[in-house]
Visitor: 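Following this message is one structure expressed as structure tokens.
The chains referred to below are lettered A, B, ... by the order of the sequence lines, with proteins before strands, and numbering in each begins at 1.
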2 protein chains.
Amino acid sequence: MFSNTVKYAIKAVLYLAAYSDESNKIMIKDIANPINVPMAYIAKILQDLSRKNLVSSKRGPKGGFYLSDNNLKGNVHDLIEAVEGDDRISSCLLSLSECNASNPCSLHDLAYKEKQFLMQKLKETTLKTLAQDLKEGKTVLPL
Amino acid sequence: MFSNTVKYAIKAVLYLAAYSDESNKIMIKDIANPINVPMAYIAKILQDLSRKNLVSSKRGPKGGFYLSDNNLKGNVHDLIEAVEGDDRISSCLLSLSECNASNPCSLHDLAYKEKQFLMQKLKETTLKTLAQDLKEGKTVLPL
DNA sequence: ATTATAATATGATAAATATCATATTTAAGA
DNA sequence: TCTTAAATATGATATTTATCATATTATAAT
């Protein structure tokens, strides 16, 4: 469903959301293992997200990645959009070009409602909320 | 959301579902254009689907691809599985390994219901039904 | 039977995604 | 200020997905 890059990004960000903050930064090498993602690859992804201000980072000794309070207000939908580019996620199931109620593709009626519902949830659920569930052991980050 | 291969496969099969039958076969070169897919590529995909008996074909003069009555009973879910392999479509959003209610990933609660609902619809809607909508102009195959 | 036609099988190339490696820059602490 | 530790920037390689090209095989029609 999602590309590896997207899955890796979500896992890394949620890990940071749950276990880091400004006074508790986490280094690449300490992120890669628990979420089971190649170190150099997750480094690249997080560097990209840092540039886009979805995660925070500081270099040098005592440095690392973390989520600021502001970052924690973000959501998974925006994260996905950031890593896989604009509208891949919200596009029509059969094409990149839009299809809509007045010119529906074969799968539009069948899928539209569920897809919108899912998108809505991915937008309205904050990283902070998801991190809370993780910390309470209600959810897990799969390998 | 879906790979090009999956999108192409669905479009081609629905096109055949709507406009072909055993006595009205359609050649590769006459499929590629209307659904806007590279000819050699859709050829490869349809050949694969033919091998897997999801579409029918006959070679030689007067030959081409078509959907048999039996093929028309198929659904989009099985089609997707056939082209992109086993369980990519039904897997957890964050990983290939299963996550479930008793060991939910961070997105499980958020996505599970909608995803199941969508899968269900993709399974229960026959190609014949979708083709009917196409023929009646109720839906279109996007470019 | 021969010819023409269309799928089939196969392999080559291109582009995108995923992965690895490393020199450079920033910043903390001695 | 020097050393060390971390992200950053950049580029190389590998794998997968997408695309192109073509020789082979089956079959209808003459």
Visitor: In degrees rounded to 10°, what angle is found between the helical axes fit to the five outermost pairs at each end of the helix from C/dA1-D/dT30 to C/dA30-D/dT1?
Guide: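 End axes: 0° apart.
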Visitor: Does a sphere of radius 6.0 Å around CG in B/N24 hold more than 12 heavy atoms from other residues, nucleotides or ligands, not counting ones at 6.0 Å or beyond?
Guide: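 Yes - once you tally the heavy atoms of other residues, nucleotides and ligands closer than 6.0 Å, there are more than 12.
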Visitor: Specify the closest pair of heavy atoms between A/L46 and A/V55, including all atoms of both residues, with the distance to one decimal.
Guide: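 Nearest pair, atom of A/L46 first, then A/V55: O-CG2, 3.8 Å.
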Visitor: Rounded to the nearest 0.5 Å, how far does CG of A/L118 lie from CG of B/L110?
Guide: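 One finds 7.0 Å between CG of B/L110 and CG of A/L118.
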Visitor: Do B/I80 and B/I10 make a side-chain contact, defined as non-hydrogen atoms from C-beta onward lying under 4.5 Å apart?
Guide: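 Yes - at least one pair of side-chain heavy atoms lies under 4.5 Å apart.
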Visitor: To the nearest 0.5 Å, how far apart are CE in B/M39 and CE in B/M27?
Guide: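 If I round to the nearest 0.5 Å, the distance is 10.0 Å.
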Visitor: Less than 4.5 Å apart, any side-chain heavy atom of B/L79 and any of B/L49?
Guide: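 Yes, their side chains come closer than 4.5 Å.
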Visitor: Please report the closest heavy-atom contact between A/L93 and A/A111, naming both atoms and the distance.
Guide: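 For A/L93 versus A/A111, the nearest heavy atoms are CD1-CB, 3.5 Å.
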Visitor: Does any residue of residues 46-54 of chain A have a heavy atom under 4.0 Å from DNA chain D, and if so, which ones, in number order?
Guide: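 Those residues are A/Q47, A/S50, A/R51.
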Visitor: What is the first contacted nucleotide of DNA chain C and what is the last, in 5' to 3' order, if contact means an atom lying under 4.0 angstrom from a heavy atom of chain B?
Guide: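 The footprint of chain B covers C/dA4 to C/dA12.
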Visitor: Of all heavy-atom pairs between A/N75 and A/T125, which one has the smallest distance, and what is that distance?
Guide: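 Shortest heavy-atom separation between A/N75 and A/T125 comes out as CB-O, 3.4 Å.
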Visitor: Listed in order of residue number, which residues of residues 56-64 of chain A have a non-hydrogen atom at under 4.0 Å from DNA chain C?
Guide: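 Correct list: A/K58, A/R59, A/G60, A/P61, A/K62.
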Visitor: Could you check how far CG of B/N4 sits from P of D/dT17, rounded to whole Å?
Guide: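 After rounding, the gap between these two atoms is 12 Å.
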Visitor: Please list all pairs passing the ring-ring contact (aromatic ring centres under 6.0 Å, His included) test where one or both residues lie in residues 24-77 of chain A, with sequence neighbours left out.
Guide: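 Listed by first then second residue: A/Y8-A/Y41.
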Visitor: Under 4.0 Å between a side-chain N/O of B/Y41 and OP1 or OP2 of D/dT17, yes or no?
Guide: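 The answer is no; no side-chain N or O of B/Y41 sits under 4.0 Å from OP1 or OP2.
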Visitor: Under a 4.0 Å threshold between the charged nitrogen and the carboxylate oxygen, would A/K52 count as salt-bridged to A/D48?
Guide: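 So A/D48 pairs with A/K52 through a salt bridge.
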Visitor: For B/A43 and A/T5, find the nucleotide of DNA chain C closest to each by heavy atoms; which residue's nucleotide sits nearer the 5' end?
Guide: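 Nearest nucleotide further toward 5': that of B/A43.
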Visitor: Side-chain donor-acceptor pair under 3.5 Å between A/S56 and A/N71, yes or no?
Guide: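 Result is yes, a qualifying pair exists.
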Visitor: Please list residues of residues 14-39 of chain B whose heavy atoms come under 4.0 Å from any atom in DNA chain C, ordered by number; otherwise none.
Guide: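 Only B/I26, B/M27, B/I28 qualify.
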Visitor: Could you state the CD1-C1' distance from B/I45 to D/dT19, rounded to the nearest angstrom?
Guide: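 Taking CD1 of B/I45 and C1' of D/dT19, I get 10 Å after rounding.
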